[in-house]
Amino acid sequence: MTTAAAPARLTWCPGAEPAAFTPADLCVAVGRIRETGYVVLDEDSGGLGFATGGAAGHGGGHPVVGVLPPLYPERLGDRSFCEAHGTRFPYVAGEMAGGIATTAMVTALADAGLLGFFGAAGLGLPSVERAVAELRAELGGRPNWGVNLIHTPNEPGLEDRVADLLLRQAVPRISASAFLRLTPAVVRCAASGLRCDRAGRVVRPVRVFAKVSRPEVAELFLSPAPAELLGELVRRGELTAEEAELAGRVPVAEDVTVEADSGGHTDNRPLVALLPTMLDLRDRLIRRFGYAQPVRVGAAGGLGTPVSVAAAFAAGAAYVVTGSVNQAARESGLSEDAKRLLATAGIADTVMAPAADMFEQGVRLQVLGRGTLFAARAARLYRTYRDHPSLDAVPAPLLDGIERDVLGASVTEVWARTRRFWQDRDPAEVARAERDPKHRMALVFRWYLGMSSRWAVTGETTRRADYQIWCGPAMGAFNQWAADGFLADPAHRSVVQIARNLLEGAAVVTRAHQLRSAGLPVPGLAFAFPARRLE
Ligand code: FMN
């Protein structure tokens, strides 16, 4: 009878560097993410250590109890994300309204293998047209760039015109946001150009990303478009029968970004609670509809440090989306003066304030609360609007205070300016305001909300106390993390260096966690990744 020889045990011998056994040495070793790593045993002490380099074999040296393959930032998310969008990294810089996410930002991201969305919301159609033309000239047929299509229930015509423009100009990625229901415009974006390849797979030349914070809205985007909407678009000649048929087999969006507590519009939900709920919903809908292609859920909201980004990937995010932190980048459209205010934000320096676009409904959004009085002043306007039927009905002392402390002008002057603006943009608004004094009050107060964003963009320092700067807790977290490294200098804050550092750091944090869960004495400091210049 023969017995098989026991396989020789794997051992590791040091090269230039010894294995790391102490907490201090482990802090350094976790950074070697691109090398194969060995969890090794010190037979004398029984302690576990971590080694890279050297030589693994079957001779002397430390016994190897585990092998960790190289860990690349490129691979932290769902592999299909990079394939679908032609990116190197599973990373998106979200749109920022009013052109704060500039064309320069989108181009820099695309050149670095990332994906960015131009911030079209709040801009008139001619400005969006110019931006799209510029991006097309710069980025041509590349897939990794896009533009925001924001739901504008108060201006449905605008949503249709922006959708028309994006499709006409073959913008490859469209980020649909603020939708509470599907509209013909967003379904048309999702279904236009659908065709079948030889293997019978549905091919999408234009891909819609959906940004959602509620399961009921996520479900709409994770399901095929409703037959009635598709039928209507075919009848109108905006989709072919084949496109509509194919749209019935795929979800409206194959990339759904779950937005937790973020800058701007937000439901303030914590990512760790929201993301698993949405991942579960996605899985159930994949089973229900039997999709052949991957459907990805990405994470947004609160991501401003390597640890947060690592946590999002560890929780199953296919990709990550940042927003607030990119406002501090060199390429952001925000004024230098406002960027300096942002740089002082701590984790608790954000507040909720009335939103210009849904002021009348009492919708609020998250803004910077430090160094500006915008939130308190806007709240005063909202309370006044809610409690009075017209400007004439507002008691004189209250109205005087609003004119002096908030508007910085009389309501008569503001109405004259507002009237001129709406006369150009949508005369029906003027007609309505002249019939309905409560609506007139809303338009006057919304002037302040609109201008306060503009002042922050142009750097109108006389109105610094009125700056409206959308910002979530990610910014304070970023400021604290960035204070000690390469990104401490505002000149180093390019959107690409921010992204690359968040991803590189997330990979290091992931490695630190791998080692900790393998039983090594990894200290807390190993999870701290100081930013550096990354090529
Ligand atoms: N999201 C949109 O869908 N449309 C917008 O127009 C828009 N504008 C934004 C403007 C600013 C200044 C900021 C900070 C965010 C904006 N967002 C907008 C949200 C971002 O695209 C992103 O989803 C969000 O900021 C991510 O969360 P974070 O702020 O915690 O990083």
Side-chain angles (χ1 to χ4, degrees), residues 91-102 105-106 109 115-123 127-128 131 146-152 159 162 173-180 186 208-213 217 253 255-271 274-275 298-305 308-309 311-312 317 319-329 331-335 338-339 341-342 345 347 350 353 355-358 365-368 374 452-454 456-457 467-479 495 498-499 502:
Y91 183 101
V92 177
E95 53 275 20
M96 291 189 280
I100 292 180
T102 56
M105 190 178 269
V106 174
L109 288 157
L115 170 58
F117 287 103
F118 176 73
L123 296 178
S127 306
V128 184
V147 175
N148 185 205
L149 174 72
I150 192 135
H151 181 41
T152 49
E159 187 179 314
V162 173
R173 300 293 177 267
I174 295 174
S175 172
S177 56
F179 286 86
L180 297 175
V186 75
V208 167
F209 280 66
K211 196 185 284 171
V212 301
S213 47
V217 181
D255 294 276
V256 171
T257 306
V258 170
E259 186 160 73
D261 194 15
S262 69
H265 292 277
T266 177
D267 282 341
N268 306 103
R269 301 275 171 257
L271 189 62
L274 193 58
L275 186 59
L303 305 181
T305 65
S308 333
V309 171
Y319 59 96
V320 290
V321 179
T322 54
S324 293
V325 298
N326 301 320
Q327 224 181 168
E331 300 90 343
S332 134
L334 197 70
S335 66
K339 282 183 199 167
L341 276 191
L342 266 183
I347 188 89
T350 59
D357 54 349
M358 285 184 269
L365 43 71
Q366 192 153 220
V367 297
L368 180 67
F374 166 76
S452 56
S453 291
R454 184 98 57 85
V457 166
Y467 283 176
Q468 177 183 175
I469 306 172
W470 296 6
C471 173
M475 190 71 233
F478 172 90
N479 285 337
V495 72
I498 292 172
L502 290 175

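Only this structure's heavy atoms are used, side chains among them; waters, hydrogens and symmetry mates stay out. For ligands, and for the atoms within them, numbers begin at 1 and follow the listed sequence.
- Enumerated by chain and number, the residues approaching ligand 1 to less than 4.0 Å through a heavy atom are G94, E95, M96, A97, A121, N148, I150, S177, K211, E259, D261, S262, G263, G301, G302, T322, G323, S324, Q327, W470, A474.
- No donor-acceptor pair closer than 3.5 Å links the side chain of T305 to the backbone N or O of A477.
- A donor-acceptor pair shorter than 3.5 Å cannot be found between the side chains of Q366 and T266.
- By the 4.5 Å heavy-atom criterion applied to side chains, M96 and N326 are counted as neighbours.
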> Given F209 and L115, is the side chain to side chain contact (heavy atoms under 4.5 Å, CB included) satisfied, shown in steps?
Replying inline: CA-CA 12 Å; F209 280 66; L115 170 58; 3.6 Å; yes
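- Looking only at distances, a side-chain donor or acceptor of S332 sits under 3.5 Å from a matching main-chain atom of Q327.
- Checked by atom type and distance alone, the side chain of N148 pairs as donor or acceptor with a backbone atom of S175 at under 3.5 Å.
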